[in-house]
Asker: 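The structure follows.
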Amino acid sequence: MLRYFKGFYMALGMFSAIPLPRRSWDDNCKSLLLPCFPLVGAVIGGLWWGLAELIAWGRLDHLVVMAAVLALIPFFLSGFLHLEGYMDTCDAILSRRPLEEKLRILKDPHTGAFAVITLAVLFLLQFSAMCDICFDRWDYAPFAAIPVLSRCCSALAFMCLKPLPQSEYAKIYLENAKSAHRVFVIIIAVAAIMFLFWCTGFSGLVIASAVMLGYAAAMWAAYRELGGVSGDLAGFALVISELCGLMVFTVAG
């Protein structure tokens, strides 16, 4: 149990921008970073949900401002880590170049036109969905589960798919993946789905399905184009899956 707590603390420091009393690293717990990744999503989701309820309780009249703040909260809490992967992957895939050139673009630190365009599309859709949610004053409980499910999908993708040759982190995660870790992640995913069902009924199952199918579709498209998985591809699929969850939330909520 102590090892899992250390792994969770390490993952929280590595995959979020949430301030921690101190940073720590233990090589013996490195294999637990991926299994604990969904728990980081639980912290981010809980804060997202709590802030949404707090803003709504404060009776903020400027709902457009409220929607903008809530749309940006998960990006700020994750330190824009996954958003960077989304932009890099969009640049690579939409370049429509040969595979070697796509991999070079994926690794290139410079921002291309496709990254800027797709970022604008992402923010527009995320903001539109959040406006719909805020205007209708729906229950914000799904905010707590969407980041958990997206990170469960990411953890399983790293554990099960072939890594890109240039992704050292993906290789390390894959080499340290164990069946018990996969089972742990699946249990967390089931718990998140049950939470959604308990809070919102059948519509919660629809939202959960949207997140998981959105992730699968995005990862399949990127994996097919680039021939492996990496942190950038995982971030790309994670961002799209959470957007899919919010878009369906506006309909099924």
Side-chain angles (χ1 to χ4, degrees), residues 10-17 30 33-38 40-41 44 72 74-123 125-126 146-177 185 211-246:
M10 288 165 55
L12 193 62
M14 188 172 182
F15 299 120
S16 80
K30 183 169 59 177
L33 281 174
L34 274 185
C36 292
F37 188 36
V40 176
I44 291 174
L72 292 173
F75 299 124
F76 277 107
L77 292 177
S78 63
F80 299 95
L81 177 66
H82 312 299
L83 196 60
E84 180 187 15
Y86 166 82
M87 294 173 68
D88 289 341
T89 305
C90 287
D91 250 348
I93 292 176
L94 295 176
S95 69
R96 297 178 177 84
R97 303 286 181 83
L99 177 59
E100 294 76 12
E101 186 67 13
K102 287 178 182 176
L103 294 176
R104 185 196 66 76
I105 294 172
L106 184 67
K107 199 173 181 180
D108 191 340
H110 298 93
T111 301
F114 291 119
V116 176
I117 293 168
T118 52
L119 180 65
V121 172
L122 172 71
F123 280 164
L125 293 175
Q126 185 113 344
I146 289 174
V148 179
L149 289 172
S150 64
R151 284 160 178 78
C152 284
C153 293
S154 279
L156 291 174
F158 268 119
M159 292 178 185
C160 300
L161 298 177
K162 181 185 74 173
L164 282 175
Q166 67 191 54
S167 179
E168 294 299 326
Y169 284 117
K171 292 178 183 177
I172 293 172
Y173 293 147
L174 184 60
E175 289 169 359
N176 289 282
V185 172
V211 174
M212 293 184 290
L213 290 175
Y215 190 98
M219 178 55 74
W220 176 79
Y223 189 86
R224 183 187 61 176
E225 289 283 341
L226 299 170
V229 66
S230 71
D232 284 334
L233 270 68
F236 167 78
L238 186 151
V239 167
I240 290 178
S241 70
E242 293 184 353
L243 174 63
C244 289
L246 288 177

Asker: Could you pull out the closest heavy-atom pair between L33 and F15, with the gap in Å?
Answerer: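 Answer, listing the atom of L33 first, then F15: O-CE1, 4.3 Å.
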Asker: Considering the options L233, D108, T111, L106, which one meets the side chain to side chain contact (heavy atoms under 4.5 Å, CB included) requirement together with D88?
Answerer: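 It is L106; the other options fail the test.
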Asker: Quick one, V239 and L243 - any side-chain contact, counting heavy atoms below 4.5 Å?
Answerer: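 Not touching, per the 4.5 Å side-chain cut-off.
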Asker: Quick one: CG on L103 to CD on E101, what's the gap to the nearest 0.5 Å?
Answerer: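 That separation rounds to 9.5 Å.
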Asker: Is any side-chain heavy atom of E242 closer than 4.5 Å to a side-chain heavy atom of L238?
Answerer: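 Answer yes - side chains close enough.
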Asker: Please step through side-chain contact (heavy atoms from CB on, under 4.5 Å) for the pair L122 and I240, ending with a clear verdict.
Answerer: CA-CA 8 Å; L122 172 71; I240 290 178; 5.9 Å; no
Asker: Using only atom types and a distance under 3.5 Å, with no angle test, would you say the side chain of K162 pairs donor to acceptor with the backbone of G227?
Answerer: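 Flag set: sc K162 to bb G227 pair under 3.5 Å.
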Asker: Does the R151 side chain pair with the main chain of P147, one donor and one acceptor, at a distance under 3.5 Å?
Answerer: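 Side chain of R151 to backbone of P147, a donor-acceptor pair under 3.5 Å: yes, one is there.
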Asker: Shortest non-hydrogen contact from P38 to V185?
Answerer: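 Minimum heavy-atom contact is CG-CG1, 4.2 Å.
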Asker: How many angstroms lie between atom CD of E100 and atom CZ of R104, to the nearest 0.5 angstrom?
Answerer: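 Here the interatomic distance stands at 11.5 Å.
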Asker: Quick one: closest heavy-atom pair of A157 and Y215, and the distance?
Answerer: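 Looking at all heavy atoms of both residues, the shortest contact is CB-OH, 3.8 Å.
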Asker: Can you give the donor-acceptor pairs under 3.5 Å from side chains of residues 89-98 to other protein atoms, not counting sequence neighbours?
Answerer:
unit_1 : atom_1 : unit_2 : atom_2 : d
T89    : OG1    : G85    : O      : 2.8
T89    : OG1    : D232   : O      : 3.2
D91    : OD1    : F114   : N      : 3.4
D91    : OD1    : A115   : N      : 3.1
D91    : OD2    : G112   : N      : 2.7
S95    : OG     : A92    : O      : 2.6
R96    : NH1    : L94    : O      : 3.1

Asker: Quick one: are the ring centres of Y223 and F236 less than 6.0 Å apart?
Answerer: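 No, the ring centres sit 6.0 Å or more apart.
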Asker: State, to 0.1 Å, how close C36 and A11 come at their nearest heavy-atom pair, and which atoms those are.
Answerer: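 Taking every non-hydrogen atom into account, CB-CB, 4.2 Å.
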Asker: Look only at the side chain of Y86 and the backbone of T118, and say whether a donor-acceptor pair between them is shorter than 3.5 Å.
Answerer: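 Answer holds: yes.
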Asker: Nearest 0.5 Å please: distance from the CE atom of M212 over to the CG atom of L156.
Answerer: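 Separation between the atoms: 11.0 Å.
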Asker: Any chance you could lay out the side-chain contact (heavy atoms from CB on, under 4.5 Å) test for L72 and Q126, step after step, and finish with the verdict?
Answerer: CA-CA 9 Å; L72 292 173; Q126 185 113 344; over 6 Å; no
Asker: For the atom pair CE (M87) and CG (L119), what is the distance rounded to the nearest 0.5 Å?
Answerer: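 Separation between the atoms: 5.0 Å.
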Asker: Stepwise, does the side-chain contact (heavy atoms from CB on, under 4.5 Å) test hold for S241 with S150?
Answerer: CA-CA 6 Å; S241 70; S150 64; 3.3 Å; yes
Asker: Using every non-hydrogen atom in the two residues, find where G214 and C244 come nearest and quote the distance to one decimal.
Answerer: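 It is CA-SG, 3.8 Å.
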Asker: Closest approach of I146 and G245, non-hydrogen atoms and distance?
Answerer: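 Nearest pair, atom of I146 first, then G245: CD1-C, 4.1 Å.
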Asker: For the residue pair H82 and F37, is the inter-centroid distance of their aromatic rings smaller than 6.0 Å?
Answerer: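 Distance test on ring centres: under 6.0 Å, yes.
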